[in-house]
Amino acid sequence: MTSAPGAAPAERTGRSLPPWWAVLLVAIAVAGVAFAIGRFTTFAVAPATPGTDSPEAGFARDMQVHHGQAVEMAMDIYRTTENDDVRVLAYDIATTQSAQKGEFYDWLVKWNLPQRGAPLMSWMQGWTDASGSDHEHGGGSAPASEAELMTQMGMASAADLTQLRGESGTAADCTFLRLMIRHHEGAVPMAEALLDLGSEPRALQVAESIRATQSAEIDLMTSLRAGLACTD
């Protein structure tokens with residue numbers, strides 16, 4: 001009998017959970033608690049509404065784009081992979097990020113702001129991450145193109161997506177994990193930037209949950225790639 005799509009790997013295979021699955025489950029639990037706290041505190045606190053040029057609005061817009069591609073890639077591999085661990089991970093990414101994408105859309109509606117605004121990542125201009133790297137929009141005298149900004153965000157290119165959809169088996173699993181690691185590595189700094197620049201309580205809670213969950217997933221995907229002996 002086939003297990004339900006969201007079943008944990010241990011239920012599917014009879015094996016104990018790998019260490020990184022335990023870390024990821026804790027991160028997801030923390031994110032769930034943050035979500036619940038955010039919903040309850042919404043009724044008790046009335047913070048100032050973010051404006052269209054605010055870090056919160058920029059984050060909500062850019063993360064809708066970012067999460068949209070993650071869901072797309074996750075559903076592609078979910079339909080084709082024969083690896084239980086990859087399938088469960090893909091299902092979790094697709095469902096979690098679909099829900100967050102909807103919430104980002106809802107924020108902008110509630111704040112009476114347009115769904116599209118300034119160029120990608122412009123809200124992060126001048127922010128310095130923990131490594132000391134500046135995130136100047138465009139990174140030089142000439143503004144960056146949208147394709148260059150997409151690359152900075154860790155987004156997969158059209159060629160990357162074509163490769164993923166043209167592969168099968170372990171090759172496809174390895175490509176998916178490689179692309180999703182890079183994708184997450186683009187999202188984590190965005191979440192950290194909002195934590196430094198933003199002030200809206202619910203937005204900060206979601207940014208923290210993204211940082212925790214996606215950092216854990218990067219470690220998990222790195223472990224899965226090692227187990228699959230990926231060479232790409």
Side-chain angles (χ1 to χ4, degrees), residues 1-35 63-104 153-188 190-191 206 209-232:
M1 180 181 295
T2 302
S3 301
E11 296 172 357
R12 291 174 169 274
T13 63
R15 294 178 284 111
S16 60
L17 286 171
W20 284 119
W21 273 113
V23 173
L24 180 57
L25 290 173
V26 170
I28 292 172
V30 170
V33 171
F35 181 88
M63 271 298 182
Q64 285 190 64
V65 175
H66 205 266
H67 276 20
Q69 188 182 77
V71 171
E72 180 184 355
M73 290 194 294
M75 291 309 299
D76 281 345
I77 200 67
Y78 176 81
R79 286 189 288 263
T80 60
T81 187
E82 297 179 358
N83 183 289
D84 284 346
D85 290 339
V86 172
R87 182 180 294 108
V88 171
L89 173 65
Y91 181 84
D92 289 343
I93 289 173
T95 54
T96 299
Q97 296 200 24
S98 290
Q100 289 176 343
K101 184 173 180 286
E103 184 172 3
F104 301 146
M153 290 169 62
M155 301 283 282
S157 67
D160 290 329
L161 296 176
T162 297
Q163 177 185 352
L164 176 62
R165 290 164 184 160
E167 294 175 334
S168 61
T170 300
D173 293 340
C174 287
T175 296
F176 167 75
L177 294 169
R178 173 175 58 81
L179 295 177
M180 195 60 77
I181 288 171
R182 188 176 71 194
H183 205 265
H184 279 19
E185 287 173 343
V188 170
M190 293 167 68
V206 173
S209 74
I210 288 173
R211 178 170 67 174
T213 300
Q214 296 206 14
S215 294
E217 285 178 346
I218 288 171
D219 291 333
L220 169 60
M221 290 187 288
T222 301
S223 177
L224 289 176
R225 278 180 56 85
L228 292 170
C230 298
T231 58
D232 60 336

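Values below: every heavy atom of this structure, side chains too, minus hydrogens, waters and symmetry copies.
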Please lay out, stage by stage, how Leu161 and Glu72 fare under the test side chain to side chain contact (heavy atoms under 4.5 Å, CB included). CA-CA 10 Å; Leu161 296 176; Glu72 180 184 355; 4.2 Å; yes
Could you walk me through whether Val71 and Lys101 pass the side chain to side chain contact (heavy atoms under 4.5 Å, CB included) check? CA-CA 10 Å; Val71 171; Lys101 184 173 180 286; 5.6 Å; no
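The distance from the CZ atom of Arg165 to the OG1 atom of Thr175 is 13.0 Å, given to the nearest 0.5 Å. Once rounded to the nearest 0.5 Å, the distance linking CG of Leu164 with CD1 of Ile77 reads 5.5 Å.
The salt bridge (Lys or Arg N to Asp or Glu O under 4.0 Å) search around Glu82 returns none, not counting sequence neighbours. Applying the side chain to side chain contact (heavy atoms under 4.5 Å, CB included) test to Thr95 and every residue at least two apart in sequence or in another chain returns Tyr91. Every side chain to side chain contact (heavy atoms under 4.5 Å, CB included) that Ser157 has, sequence neighbours left out, goes to Ala159, Asp160. Scored by the side chain to side chain contact (heavy atoms under 4.5 Å, CB included) test, Thr162 finds no partners at all (sequence neighbours excluded). With sequence neighbours left out, the side chain to side chain contact (heavy atoms under 4.5 Å, CB included) criterion links Ala70 to Ile93, Gln97, Met180, His183.
Across every non-hydrogen atom of Ala90 and Phe176, the tightest pair is CB-CZ, 4.4 Å. Contact record, Leu228 with Thr170: O-CG2, 4.1 Å, taken as the closest heavy-atom pair. The two atoms that bring Ala191 and Ile210 nearest to each other are CB-CG2, 4.1 Å, heavy atoms only. The two residues Asp76 and Thr80 come nearest to each other via the heavy atoms O-OG1, 3.3 Å. What you find for Ala156 and Met73 is that their closest heavy atoms are CB-SD, 4.0 Å. Heavy atoms only, all atoms of each residue included: Asp232 and Arg178 are closest at OD2-NE, 3.1 Å.
Inter-residue side-chain proximity for Leu89 and Leu220 is flagged as met; some heavy-atom pair is nearer than 4.5 Å. Here the side chains of Gln163 and Leu179 are not in contact, with every heavy-atom distance at 4.5 Å or above.
Ser215 places a side-chain N or O within 3.5 Å of a backbone atom of Arg211 that can act as its donor or acceptor partner. In this structure, the side chain of Thr213 engages the main chain of Ser209 through a donor-acceptor pair within 3.5 Å.
Applying the disulfide bond (SG atoms under 2.5 Å apart) test to residues at least two apart or on different chains, the pairs with a partner in residues 157-186 are Cys174-Cys230.
Across His67, His66, Gln64, a single residue satisfies side chain to side chain donor-acceptor pair (under 3.5 Å) together with Gln100, and that is His67.
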